[in-house]
Amino acid sequence: MVQASRLHVQPRRLHHKNRCMFKRILIANRGEIALRIIRACKELGVQTACVYSEADRGASYLRLADRTVCIGAPPPSESYLKSDRIIAAAEITNADAIHPGYGFLAENAQFAEKCRASRIEFIGPSAEAMRALGDKAQARELAKRAKVPIVPGSNGTIDDDAEALRVAKSIGLPIIIKAAAGGGGRGMRIVRELDKLKPAIAQARQEAMIAFKDASIYIEKFIEQPRHVEVQILADQHDNIIHLFERDCSTQRRHQKLIEESPSPAIDERTRLALCKSAVRLAEAAEYTNAGTVEFIVDAKGNYFFIEVNARIQVEHPVTEMITGIDLIKKQIAIAAGETLGLSQRQVERHGAAIECRINAEDPEQDFRPCAGRVELFRPPGGPGVRIDSHVHDGYDISPRYDSLIGKLIVHRPTRDEAIAGMRRCLDEFIVEPTHTTIPLYKQILHHDVFVKGKIDTGFVERTFRMQG
Amino acid sequence: MVQASRLHVQPRRLHHKNRCMFKRILIANRGEIALRIIRACKELGVQTACVYSEADRGASYLRLADRTVCIGAPPPSESYLKSDRIIAAAEITNADAIHPGYGFLAENAQFAEKCRASRIEFIGPSAEAMRALGDKAQARELAKRAKVPIVPGSNGTIDDDAEALRVAKSIGLPIIIKAAAGGGGRGMRIVRELDKLKPAIAQARQEAMIAFKDASIYIEKFIEQPRHVEVQILADQHDNIIHLFERDCSTQRRHQKLIEESPSPAIDERTRLALCKSAVRLAEAAEYTNAGTVEFIVDAKGNYFFIEVNARIQVEHPVTEMITGIDLIKKQIAIAAGETLGLSQRQVERHGAAIECRINAEDPEQDFRPCAGRVELFRPPGGPGVRIDSHVHDGYDISPRYDSLIGKLIVHRPTRDEAIAGMRRCLDEFIVEPTHTTIPLYKQILHHDVFVKGKIDTGFVERTFRMQG
Amino acid sequence: MSWWSSERPLIELEKLREIIQMMADHDLSEVSLRDGEESIKLRRGASPGHDSVGVYAHPPTALIPMPSAHSAAGTPAEAPTADIEPGLLPIKSPMVGTFYAAPDPNSPPFVTVGALVHPDTIVCVIEAMKVFNEIKADVSGTIAKVLVGNEEPVEYGQPLFLVRPRT
Amino acid sequence: MSWWSSERPLIELEKLREIIQMMADHDLSEVSLRDGEESIKLRRGASPGHDSVGVYAHPPTALIPMPSAHSAAGTPAEAPTADIEPGLLPIKSPMVGTFYAAPDPNSPPFVTVGALVHPDTIVCVIEAMKVFNEIKADVSGTIAKVLVGNEEPVEYGQPLFLVRPRT
């Protein structure tokens with residue numbers, strides 16, 4: 001491959017930043033979400049240009065785009081993460097906006113800024129809102145100001161045992177000690193009795209020192225068997241902010257969401273309302289625009305605590321689309337084009353229950369090892385209230401380069417019980433061969449009493465399904 | 001093949017006709033509707049047994065049934081129309097009910113009686129209601145009694161020109177003269193001026209005599225450019241009758257429905273309400289139970305006239321399911337099992353607009369000649385608000401023995417305009433190869449100004465799309 | 001009413017043997033059958049290895065549905081003619097119903113293995129809708145095999161007997 | 001701003017010729033390309049007959065999407081190496097952007113057919129995000145073919161020139 005050297009900068013023809021619908025949107029993503037965005041654009045009458053890496057050359061979803069641009073070699077760092085090439089692709093295709101999807105550059109504030117500097121609209125929140133919410137301390141501060149509950153804990157690091165004791169007493173047991181520099185469980189200690197606090201701090205500091213060469217620790221309230229409940233937000237550029245209710249994503253494995261549903265079976269109407277209003281307040285405080293998700297953990301008593309904001313569209317957005325009938329991708333595009341939301345909070349209605357299963361090409365019996373290669377048979381289910389979002393078909397070749405999501409199966413029914421019955425039926429129908437998928441695991445979960453009763457917490461899957469490794 | 005001779009009749013073990021959910025339902029149909037019923041049963045927790053002919057042996061939808069029974073050779077007369085074999089299949093599989101789907105034996109009153117004589121519930125209306133509505137004169141009489149408008153015309157045959165003139169004057173021009181014994185256009189004359197009446201009658205009588213050896217004629221009001229609008233009815237065995245609004249099926253070719261939608265773009269709210277209430281009155285008058293459809297024609301001024309009742313589930317039932325969220329097949333089963341409707345008329349809500357395209361394996365450029373044979377690629381569209389009801393997949397072999405419907409594509413959106421945009425997108429995505437289908441025709445229709453404006457009448461397709469023959 | 005003893009201990013093994021033969025003949029590596037409560041799963045040769053990502057031991061053809069395998073009777077309906085020992089002819093069921101080997105519970109079967117049959121010989125009765133239908137052999141020869149157990153449900157076209165035709 | 005005349009009358013025919021060659025090489029009977037407003041449909045041999053129900057002249061492989069065929073530039077991006085005349089080496093675009101054959105509108109192109117190039121010879125510039133990037137040949141030889149028209153968009157990996165390497 002030849003080398004490129006940078007030359008002089010020259011002013012380019014001006015894009016007129018006009019507040020009307022885009023003429024052509026560049027899709028800076030791949031797979032099912034690229035397909036999802038192409039579909040929304042086609043229905044809006046907006047042309048599409050879709051980037052692709054050499055690994056995705058020939059993928060059938062690309063045929064649905066009006067234009068396609070190869071942007072690099074298979075590794076994401078050589079293609080889907082190459083912001084300059086993506087912006088150049090938008091330039092040569094005369095795209096006036098870029099939809100980043102999720103993952104890759106979706107929450108990269110610098111990329112958003114670059115797009116706008118190139119007079120290409122970035123379909124997502126402002127770089128400022130992204131930065132404010134991306135920083136944990138700033139986000140916590142915003143939440144406090146907006147009177148949104150956060151997990152109680154020390155304000156920053158703990159200096160000595162006396163302070164630790166004071167904090168532990170004030171927030172109440174159990175607490176969790178965490179390494180300030182850390183992650184991955186190292187330097188973590190859960191304390192359930194006050195007289196175990198001192199030795200636990202000593203152990204945590206020692207572990208943190210070894211792992212991170214930094215003995216600083218902080219303390220947080222430990223939430224037992226938490227549920228993951230998140231609120232979908234839509235905000236336009238004219239100060240209208242609404243929520244589209246919640247999604248319960250407690251069915252996780254190692255913080256990877258597997259099954260999402262709405263409404264959450266774990267919270268009552270009062271909590272639902274409070275949670276959703278909290279999310280709107282936070283979005284207002286952050287001057288948030290476009291689609292976003294405010295994540296909370298909910299304890300067994302229904303207390304909820306703000307965790308973080310996902311400043312993008314999410315994998316599980318169809319769950320919300322099913323119960324509200326609102327197309328989130330179309331709304332994202334309309335908002336970015338400067339349109340008003342066009343609906344008030346009171347106009348957002350909720351109908352029935354929706355469940356989504358993420359179909360991953362992974363072998364649950366082999367520690368969820370990804371299964372790349374050719375899918376001989378891909379036969380998704382159909383019928384009433386069944387939605388399939390997938391770029392895969394008989395003969396599709398799964399690249400080992402990217403995440404293992406090969407499709408999303410969403411079922412919408414008048415009630416949660418019916419949605420469970422519908423999802424079971426659909427999972428029974430779904431044929432993917434010879435690729436291993438998470439479908440067999442989902443069949444077990446959908447028949448498990450704890451799931452049926454709506455009592456799942458985020459540790460349920462790992463505790464319950466002992467996988468071979 | 002050996003011959004069977006009939007022996008003595010012997011009493012069989014008694015079925016207890018219990019008014020609770022069925023244990024196992026025999027599905028006396030094939031293809032997409034068999035699959036549709038299997039899906040509903042699975043979600044209700046009811047076991048299924050599905051019959052099949054030798055032509056359908058190995059079809060993948062059969063694998064989803066708990067049991068399958070081969071009932072005969074490929075011709076329908078040797079299998080799907082063999083009522084005795086179907087009842088025997090229910091007996092050997094211990095099925096306590098039979099769902100007939102549509103077509104085949106679905107509106108055969110004698111079959112319904114035979115089922116019940118064998119203590120097997122027939123999932124559909126009573127044989128009496130079927131007979132009363134199946135007879136044109138009786139149905140017209142019922143409609144009159146129920147104050148449901150019927151197409152004005154002579155009461156029976158016309159004896160002489162004086163009577164013809166009197167009738168023509170009373171119902172107003174234009175009128176249509178029809179052969180009493182006939183059909184297929186022979187003996188038919190449209191009269192738009194009174195002084196053309198006498199010669200037209202003479203011609204009609206002459207044609208009728210030649211064609212049917214019977215010169216009897218009758219007169220009806222001729223409805224110009226009529227729309228076909230039908231009302232979905234649900235009635236339980238406890239005197240609860242409701243409607244689920246209308247479907248507009250004006251996009252037809254030679255009386256074959258191609259595209260159906262709800263709500264009808266041609267009628268206003270007042271007409272909609274009157275139409276739906278008329279349908280309920282007629283169903284009440286006929287003591288109708290289970291699901292049924294009351295068909296009307298609507299003239300350009302919004303006047304509607306009762307045509308006939310379809311005493312079964314219909315191909316286009318998903319349109320209604322999409323806008324109401326009510327599963328009609330599950331309701332059929334529940335009603336047959338003696339349950340109450342479980343919802344009042346006021347609880348039936350209408351949301352958005354739904355359009356269905358019947359995907360037929362026919363070549364629109366070759367006078368809709370059916371295209372049997374192997375489907376190499378069958379790649380239906382997906383995404384939000386898209387429903388696929390199809391038993392076909394890559395490698396499916398279409399039998400020339402049965403109708404050419406290979407799938408139904410239904411799109412549901414908040415508004416009709418969005419539904420049209422969604423349907424266009426879906427039709428563009430849909431790949432069926434090498435089989436010819438009606439998809440290219442639907443693309444043209446969905447882009448045609450008359451369709452977009454909702455102004456289609458039942459003659460539109462034939463007038464507009466001159467097919468090569 | 002118990003018209004007939006429902007013991008049929010050997011037919012199950014017979015069924016298995018037939019399925020295994022079919023697997024061998026058609027080189028199937030795996031067969032899963034389900035019939036309501038019952039299910040059978042058979043695997044031949046090496047089990048599908050999990051050691052090579054995305055590569056499977058069994059070809060996708062093995063996944064093509066076999067509805068005949070979970071038919072009403074739970075028997076493989078109408079074994080392909082190729083599977084029948086050369087020279088033997090099947091007597092197939094002309095209808096759907098319940099197979100009875102004898103005219104009544106106290107009588108011996110119409111025919112057993114080795115019995116000589118003519119086209120008009122009654123070989124069994126099939127009951128459907130409370131009517132008992134006599135089934136005739138329609139061929140001449142000797143009964144080589146009885147394929148269906150007494151009181152078992154049979155579907156259209158299902159082989160009931162194999163006959164070695166008179167040569 | 002009109003930086004360069006956008007006339008490119010012959011490149012379209014050239015494109016067609018290449019596609020037709022590909023069809024012949026791979027025995028494709030039909031090719032349909034679409035790029036926004038433009039569309040091309042080519043058919044080789046006998047047209048698919050409508051006289052035999054359900055039978056098609058072209059194999060389903062011809063229907064496999066060819067996204068490269070409706071790429072940004074409307075050119076077949078990165079013609080498979082097999083299609084390149086044996087012995088010629090492509091100079092491929094290392095980036096996405098707009099191709100310029102000359103340093104400015106008033107200058108002659110960096111290289112034309114027959115030009116001798118060394119690995120360090122600048123063969124074109126590609127503009128992306130207002131930055132003009134000089135592209136070097138990276139091989140030694142003579143330019144045998146210029147594959148891209150001036151001011152045309154190019155994608156990553158797209159062949160720009162064919163070079164006959166120095167032997």
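Convention: sequence-line order gives letters A, B, ...; per-chain numbering from 1. Hydrogens, waters and symmetry mates play no part in the numbers below; they use all other heavy atoms, side chains included.
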How about Arg164(C): does its CZ atom have over 12 heavy atoms from other parts shown lying under 6.0 Å from it? no

Non-hydrogen atoms of chain C under 4.5 Å away: do they reach the side chain of Ala49(B), the backbone, both or neither? neither

To the nearest 0.5 angstrom, please state how far the CD1 atom of Ile92(B) sits from the CD atom of Glu152(C). 10.5 Å

For Ala73(B), which atoms come within 4.5 Å of any heavy atom of chain C: side chain, backbone, both, or neither? both

Between Ala88(B) and Val96(C), what is the shortest heavy-atom contact and its length? CB-O, 3.2 Å

Test of understanding: with side chain to side chain contact (heavy atoms under 4.5 Å, CB included), list the residues that count as partners of Pro318(B), not counting sequence neighbours. Glu321(B), Glu356(B), Arg387(B), Asp389(B), Lys408(B), Ile410(B)

Quick one, Tyr156(C) and Glu54(B) - any side-chain contact, counting heavy atoms below 4.5 Å? yes

When rounded to the nearest 0.5 angstrom, what is the spacing between CE in Met95(C) and CD1 in Ile71(B)? 12.5 Å

When only pairs under 4.5 Å are counted, which of Gly72(B), Ser79(B), Ala90(B), Ala89(B) shares the most heavy-atom pairs with chain C? Gly72(B)

Spell out, as yes or no, whether a donor-acceptor pair under 3.5 Å connects the side chain of Glu91(B) to the backbone of Met129(C). yes

Could I get the full list of side chain to side chain contact (heavy atoms under 4.5 Å, CB included) partners for Ala55(B), not counting sequence neighbours? Ser53(B), Pro74(B), Ser399(B), Tyr402(B)

